[in-house]
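Structure, as structure tokens:
Below, all heavy atoms of this structure are taken into account, side chains as well, without hydrogens, waters or symmetry copies.
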Amino acid sequence: MRRAVRLLVVMMMMMMVLLDFTGCVWMLPPPSTVFMESVDMRHVLRWRPPEASCSAAVLYSVQFQGEFELTVLNGSWVDAPECQLTPHTHCDLTFDLGSDSDYNLRVRAQCGSKLSSWTDLSPPFNRRETVLTAPQTVVTAVGGALQVSFKELPLTAVVRVTVWRRGDELQAEVHMIPAEQKMLHVADLQEGSEYCVTAQTVVDAQLHSSSTDAQCVSIAGPDGAWKKPTAVTVTVVIMATLLFAVFWSVVHCRPDVCLTFVHKEPVPHSLDPDWDIKIPVSPEEAELCEQIHVSVDPLAS
């Protein structure tokens, strides 16, 4: 009985020491709100910093555990190489999550000698849950062919490109372009016709993006590539020649020669300063204004 009591006391003391030690180690609160942001097969783990003040910079470490680690490596965890003691609150795991299996992910914080406990992502993440966006495409007509180029395609994806002649949608052609190719060239198209293109990002039969809006261009034929530049060049040359001729004529034109080309209009009578103003006078006023001659008789004085 005494031995059992002693054993119980020793166990209680060991538990108290262990709890005290655990409390000293996990003095930093763990990160919160851990979530995965995955768009176009780019997987970024994000979290919020712990709600605690720290005199030094808070650093974070990330680990992952896939099907191989869980079944073959007896449930071991693997350090994310690019996210060990990082000051950022995000971790790009695109190249670490290389299979379609479920991945357990966790992150913890460290401030000086203080460590937090691990915060797990719940539920586990599978890269098939990524959100695929419609590819950015540029459609141009090059001679008698059609050229479709792509930008920022996700890894391991292909692009399904549908091409058809306007008015003949039932005869559309479908092309599967790998992500690393980034361009599609469709030749031997009907000259003078209009062709339309839509594109869609595809990872597998069940994971694909929405289709782009139809982009339509006209096929001018092999000679169309030089017609427009030639017309623009000829127009520029003609305009430059006309401007040069007008400028030369203004500079080198003699006054007597220029007068033959410039007709001088007479000044209107209303603007002539030498006016001959004649005021009409009525007969009555004329009689009143007649000159009177007065004769004086010298004998009268």
Has the side chain of Glu69 got a donor or acceptor atom that lies under 3.5 Å from a matching backbone atom of Gly66?
yes
d(Leu28 CG, Lys114 NZ) to nearest 0.5 Å is 7.5 Å
Hits for side chain to side chain donor-acceptor pair (under 3.5 Å) against His185, two or more places apart or cross-chain, chain-then-number order -> none
Do side-chain atoms of Asp79 reach the backbone of Pro81 as a donor and acceptor pair under 3.5 angstrom? no
Please tell me if the side chains of Phe68 and Ser99 come closer than 4.5 Å, counting only heavy atoms from C-beta onward. no
Taking the side chain from Glu129 and the backbone from Phe125, do they hold a donor-acceptor pair closer than 3.5 Å? no
Separation between CZ (Arg166) and OG (Ser218), nearest 0.5 Å, reads 8.5 Å
Exactly one of Glu37, His90, His88 clears side chain to side chain donor-acceptor pair (under 3.5 Å) with Arg46, and that residue is Glu37
Measuring only between side-chain heavy atoms, which start at C-beta, is Trp118 closer than 4.5 Å to Pro30?
no
Quick note, disulfide bond (SG atoms under 2.5 Å apart) partners involving residues 89-161, not counting sequence neighbours, are Cys54-Cys111, Cys83-Cys91
- Between Thr201 and Val159, is there a donor-acceptor pair closer than 3.5 Å when you use the side chain of the first and the backbone of the second? no
Within-4.5 Å side-chain heavy-atom neighbours: Leu59 and Pro87: yes
**Prompt:** Checking Asn126 side chain against Asp100 main chain: does a donor-acceptor pair fall under 3.5 Å?
**Reply:** yes
Check your understanding: Are Leu121 and Trp47 linked, directly or through other ILVMFWY residues, by side chains that come within less than 4.5 angstrom of each other?
Key -> yes
Looking only at heavy atoms, the pair that brings Trp164 and Ala214 closest together is CH2-CB, 4.1 Å
Just checking Arg42: does its CZ atom have more than 12 heavy atoms from other residues, nucleotides or ligands closer to it than 6.0 angstrom?
no
Go through Thr133 and Val39 one step at a time and tell me if the side-chain contact (heavy atoms from CB on, under 4.5 Å) criterion holds. CA-CA 8 Å; Thr133 60; Val39 179; 4.2 Å; yes
(Q) Between Glu173 and His175, is there a side-chain heavy-atom distance shorter than 4.5 Å? (A) yes
Decide yes or no for Val186 and Leu184: does some side-chain heavy atom of the first lie under 4.5 Å from some side-chain heavy atom of the second?
yes
One should read off an interatomic distance between Trp77 CH2 and Leu70 CG, to the nearest 0.5 angstrom, of 9.0 Å
Dump the intermediate steps for side-chain contact (heavy atoms from CB on, under 4.5 Å) on Phe64 and Asn104, then the final yes or no. CA-CA 6 Å; Phe64 63 89; Asn104 296 314; over 6 Å; no
Looking at Gln181, I want to see if its CD is surrounded by more than 12 non-hydrogen atoms of other residues, nucleotides or ligands under 6.0 Å. yes
With Gln215 as partner, the option from Val139, Val138, Val148 fulfilling side-chain contact (heavy atoms from CB on, under 4.5 Å) is Val139
Inset, instruction - State, yes or no, whether a side-chain contact exists between Arg128 and Asp204 at a heavy-atom distance under 4.5 Å. - result: yes
Q. Do Gln65 side-chain atoms and Gly75 backbone N/O form a donor-acceptor pair below 3.5 Å?
A. yes
Are Val197 and Tyr195 connected in a single hydrophobic cluster, I mean Ile/Leu/Val/Met/Phe/Trp/Tyr linked by side-chain heavy atoms less than 4.5 Å apart? yes
Minimal heavy-atom distance between Pro29 and Pro50, with the atoms involved, is O-CB, 3.0 Å
Heavy-atom closest pair (Ile177 atom, Val161 atom, distance to 0.1 Å) is CG1-CG2, 4.1 Å
| When you measure from the side chain of Ser76 to the backbone N and O of Leu73, does any donor-acceptor pair fall under 3.5 Å? | yes
Is it true that atom CG of Asp168 has more than 12 heavy atoms of other residues, nucleotides or ligands lying nearer than 6.0 Å? yes
Closest non-hydrogen atoms of Leu45 and Leu105, given as atom of the first, atom of the second and distance, are CD1-CD1, 4.2 Å
| said: Has Thr137 got a side-chain atom pairing as donor or acceptor with Phe150's backbone, closer than 3.5 angstrom? | reply: no
* **Chi angles and distances behind the side-chain contact (heavy atoms from CB on, under 4.5 Å) call for Leu115, Arg108** => CA-CA 8 Å; Leu115 289 175; Arg108 75 176 178 186; 4.2 Å; yes
Note: Pro135 and Leu153 closest approach over all heavy atoms is CB-CD2, 3.9 Å
Rounded to the nearest 0.5 angstrom, the OG-OH distance for Ser116 and Tyr60 is 8.5 Å
Checklist entry - So if you build clusters from Ile, Leu, Val, Met, Phe, Trp, Tyr with side-chain heavy-atom gaps below 4.5 Å, do Val158 and Leu207 land together? => result no
Tightest non-hydrogen contact, residues Met41 and Thr156, listed as CE-OG1, 3.9 Å
- Around atom CD of Glu194, are there more than 12 heavy atoms of other residues, nucleotides or ligands at under 6.0 Å? yes
Next item on the list: Evaluate the side-chain hydrogen bond (donor to acceptor under 3.5 Å, both in side chains) criterion for residues His43 and Thr94: first the C-alpha distance (whole Å), next the side-chain angles of each, then the deciding distance (0.1 Å), finally the verdict.
Entry: CA-CA 5 Å; His43 320 303; Thr94 301; 5.5 Å; no
May I ask whether Leu189 and Val217 are part of the same hydrophobic cluster, defined by side-chain heavy atoms of I, L, V, M, F, W, Y residues being less than 4.5 angstrom apart, directly or through others? yes
| said: According to a hydrophobic-cluster definition based on side-chain heavy atoms being under 4.5 Å apart (Ile, Leu, Val, Met, Phe, Trp, Tyr only), do Val34 and Val78 belong together? | reply: yes
Checklist entry - Would you say the side-chain atoms of Gln110 pair up with the backbone N or O of Gly112, donor to acceptor, closer than 3.5 Å? => result yes
query: Okay, side chain of Ser209, backbone of Gln200: is any donor-acceptor separation there less than 3.5 Å?
result: no
- Decide yes or no for Arg160 and Val174: does some side-chain heavy atom of the first lie under 4.5 Å from some side-chain heavy atom of the second? yes
OG (Ser210) and NE2 (His208) are apart, to the nearest 0.5 Å, by 10.0 Å
To the nearest 0.5 Å, atom OG of Ser61 lies from atom CD of Gln84 at 4.5 Å
